[in-house]
Amino acid sequence: MPGKVALRHDGDVAVIAVDNPPVNALSHDVRTALADAFTRARDDANIRAIVLTAQGRTFVAGADITEFDKPPMSPSLSDVIALIESIQKPVVASVFGTPLGGGLEITLACHFRIAASGTRLGLPEIKLGLIPGAGGTQRLPRLVGMQKAAAMILSGDPIPAKDALAAGLIDEIFEGDPAASGIAFARKVLAEKRPLTRARDREDKLVALRADPKTFEEIVAVNTKRSRGLDAPAAAIEVLRAAIDVPFDDALKLEREAFVRLRAGDQSKAQRHIFFAEREAAKIPGLPKDTKPREIKRAAVIGAGTMGGGIAMCFANAGIPVTIVETNADALKRGLDTIEKNYRASAARGGMSEADVGKRMSLFNGVTGMDAAKDADIVVEAAFEEMGVKREIFEGLDRVMGPRTILATNTSYLDVNEIARITRRPASVLGMHFFSPANVMRLLEIVRGADTAPDVLATALAVARAIKKVPVVVGVSHGFVGNRMLRIRSIEAERLLLEGALPQDVDGALTEFGFPMGPFAMSDLAGLDISWRMRKAQGARAEIADQLCEAGRFGQKTGKGFYLYESGSRAPRPDPEVESLIAATSKRLGVTRHPLDRKTIVERLIFPMINEGARILEEGIAARPGDIDVIWIYGYGFPLWRGGPMFHADTVGLSYIRDRLREFAKQTGDKRHEPAPLLDTLASEGRGFGSLAKA
Ligand code: 3HC
């Protein structure tokens, strides 16, 4: 038997253990070996019960996603599951870690299921643009009812063992060794002569639903609020409906067809790309894997404003005590009050208990001088975006903090090398660029300076993981990766206004493309004054945005920006005043306005960003195209199912993008639209950005 599945006997109980590190994925050799082991155990007259478990850190975490782009090979997972389900001896799944996807589906096919106390069980296929493809959509509702099953399948979120027990998904929770616990449970089943119930034969939890189809629609509506543009949720709903309407085996066929269709589709390919890109981003070229991070027991944040407060919350949420430093008591109190208000709001929504609020708040220590933060192992500076301010702070930090303390800046644009060299410890300085709201947004751009030491970088990555962020390491460049590309999009969005579009046309085109918000609605939300101030400092100008600011229209906070906002509302309404201002500006600048369709608007906004992404790769500011994709998905709301700008570029085709960029360069006279050499070369060679990773 191949080595990925072990079969051993404990008296009359067979123990089948999957051993395929790191996560025991069900690759072809595992499926083959499982089928072989189950057949032997089934046919062995001395064996009265079978335990299925695994070696290593987790029970099977799913199908092997790396096989999804290859031709299918038998036995399929469904074949293995059908074999297990047909066995006339008790089969007990003894699971631990994260039984997910195909790993949970194989569990559902066993007659009994027990789980270790820390187990998290789930069907996360939807997060990969898929649905469960080996019976999960049919067996799970039969075991836990449609409400719970639909919530699990449509969210993809796993549930803890105790919820699984309450829902009827598992029979028992154990502490200790999975194999030994499985054997003990199997002996109990034999001794008690418990009947072997197969999930497929259970109808009790579906009967009521059959009598009242309206309930199903209600369940679905609650669970699909955020599925705009996605194919998988609609497919999941159809096959879940089949659990009520269609005989089991026919429903399995429908499930399989939908799974195969989704697996071959662009959306799932894009989502799988992001799954792997996110993990790849954690591997830093030139950083030895065994680099030991510095120990972080206590953090400090400079600045209790929106950003600083949010960053401090990230530390407290991870149980890391954090000192917040402000310049005066009023600002400090305002900051701490806001943090407490945020936690209370979260408690009111059921996100945490009142006791948790107290526990989190006890981790904050608010102070008005840096000296009081000197025991911190890492400091994140989140003060005003101005080099003079940063200079003063970093000089102070360098004086006060221990020599091994890491000093990070949350700057969005400034030169991290310059900031590092303000101190006598440039090797211990780097950028940690959070996104607003910092306690919510998953992305963290880690800016590696020219002098940043490897262990400092490794520490920043470890901190990112501890505070549950998705880190991407980037190089020093104005705006790093995300904001550098965003700036290109903003310039282009303004230009479109002058050429003939209105804010609602531009925003409408991008929301239709899949962004949660267009650039103008986003500017209104963030406040127009921030970028106005920055442009003024740089001697730059944005015709429309600057005029709005000069008229005191700073966005939502003043009730007016690119749009109008009724008091208390965040819904943007087109404003005729803005439309006249735009038309007058076009006229003044001698631009003849003309209609722009949505496709053109999207291309004008996205293709130049892709071009900038290519330059970022040429300059080595991002290590891989996938890093840029992860940044745009997690930091800027790029639609997940399009896989990020660089993956999207490959889907569209680079030669088409190159040709369009050349046209844009001609139309606008903007040289930055000329295709970047990397994009041009790849297009000429008929390649995509994806080929770079494999080169
Ligand atoms: N297939 C192939 N490789 C996988 C994998 C899978 N299902 N799950 C994880 N891996 C790989 C990762 O790519 C990573 O590889 P690397 O070390 O080369 O980067 C390695 O395993 C470890 O993964 P993580 O770094 O993510 O480890 P964590 O401990 O942080 O997380 C996990 C473990 C929770 C299992 C997480 O990896 C995960 O969520 N995996 C995906 C689970 C999933 O989506 N399962 C469903 C698959 S689809 C399916 O089953 C279809 C079925 O219905 C027919």
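From a predicted model like this one, the values you see are computed outputs, not experimental measurements. Counting convention: from 1, in listed order, for ligands and their atoms alike.
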Evaluating non-hydrogen atoms only, which member of [options] is closest to [atom]?
atom	options	result
atom 50 (O) of ligand 1	Ser76, Gly102, Ala25, Gly136	Gly102
atom 39 (O) of ligand 1	Asn24, Leu100, Thr58	Leu100
atom 2 (C) of ligand 1	Ile126, Ile106, Asp64	Asp64

Side chain to side chain contact (heavy atoms under 4.5 Å, CB included), paired with Lys148, selected from Leu169, Leu140, Ile159
Ile159
Residue from Thr452, Leu430, Ile284, Asp627 passing side chain to side chain contact (heavy atoms under 4.5 Å, CB included) with Val473:
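Among Thr452, Leu430, Ile284, Asp627, the one that satisfies the side chain to side chain contact (heavy atoms under 4.5 Å, CB included) with Val473 is Ile284.
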Does Arg31 form a side-chain hydrogen bond (donor to acceptor under 3.5 Å, both in side chains) with Ser27? I'd like the steps, not just the answer.
CA-CA 6 Å; Arg31 299 195 305 272; Ser27 51; over 6 Å; no
Using the rule given for side-chain hydrogen bond (donor to acceptor under 3.5 Å, both in side chains), can you reason through Ser76 versus Asp79, listing the C-alpha separation, both sets of side-chain angles and the distance that settles it, and then say yes or no?
CA-CA 5 Å; Ser76 69; Asp79 296 337; 3.3 Å; yes
Show the atoms of ligand 1 that are less than 4.0 angstrom away from any heavy atom in [X].
X	result
Glu105	52 (C), 53 (O), 54 (C)
Phe276	13 (O)
Pro132	53 (O)
Gly62	45 (N), 50 (O)

[atom]: the protein heavy-atom neighbour that sits closest, reported with distance to 0.1 Å:
atom	value
atom 32 (C) of ligand 1	Thr98 OG1, 4.4 Å
atom 7 (N) of ligand 1	Ala63 O, 2.8 Å
atom 46 (C) of ligand 1	Gly101 CA, 3.8 Å
atom 4 (C) of ligand 1	Val23 CG2, 4.0 Å
atom 24 (P) of ligand 1	Arg279 NE, 3.6 Å
atom 22 (C) of ligand 1	Arg57 NH2, 3.6 Å
atom 53 (O) of ligand 1	Glu125 OE2, 2.6 Å
atom 42 (C) of ligand 1	Ala61 O, 3.3 Å

From atom 30 (O) of ligand 1, is the closest protein heavy-atom distance below 4.0 Å?
no
Evaluate the 4.0 Å heavy atom contact test for atom 11 (C) of ligand 1: does a protein atom fall under the cut-off?
no
For ligand 1 and [X], I'd like to know whether there is a polar contact (N/O to N/O, distance under 3.5 Å).
X	answer
Ile65	yes
Arg256	no
Phe275	no

Quick check, are the ring centers of Phe435 and Tyr636 under 6.0 angstrom apart?
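Yes: the rings meet the under 6.0 Å criterion.
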Could you tell me whether Phe647 and Phe689 have their ring centroids closer than 6.0 angstrom?
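When the ring centroids of Phe647 and Phe689 are compared, they turn out to be at least 6.0 Å apart.
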With no hydrogens and no angle check, just 3.5 Å: does a side-chain donor-acceptor pair link Asp29 and Thr32?
no
State, without any angle test, whether Asn410 and His433 hold a side-chain donor-acceptor pair at a distance under 3.5 Å.
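Judged by distance alone, the side chains do not pair up.
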Proximity of [X] to ligand 1 by residue part, where a heavy atom lies under 4.0 Å:
X	value
Glu280	neither
Pro22	side chain
Leu26	neither

Going from OG1 on Thr137 to CE on Met152, what distance comes out if it is rounded to the nearest 0.5 angstrom?
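Rounded to the nearest 0.5 Å, the OG1-CE separation comes to 13.0 Å.
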Nearest 0.5 Å, what's the CD1-CD1 distance between Ile616 and Ile631?
8.0 Å
pair Phe434-Lys469: side-chain heavy atoms closer than 4.5 Å:
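In short, these two side chains touch, coming nearer than 4.5 Å.
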Side-chain heavy-atom pair Leu143, Lys205 within 4.5 angstrom cut-off:
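They are not in contact (no side-chain heavy atoms under 4.5 Å apart), so the answer is no.
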CA sep, side-chain torsions, deciding dist, call: Ser94, Ser181, side-chain hydrogen bond (donor to acceptor under 3.5 Å, both in side chains)
CA-CA 7 Å; Ser94 180; Ser181 306; 5.5 Å; no
Would you call the rings of Phe59 and Phe96 parallel, tilted or perpendicular if under 30° counts as parallel and over 60° as perpendicular?
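Ring orientation, 0 to 90° scale: perpendicular.
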Check if Lys283 has a non-hydrogen atom at a distance under 4.0 Å from any atom of ligand 1.
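So Lys283 counts as touching ligand 1.
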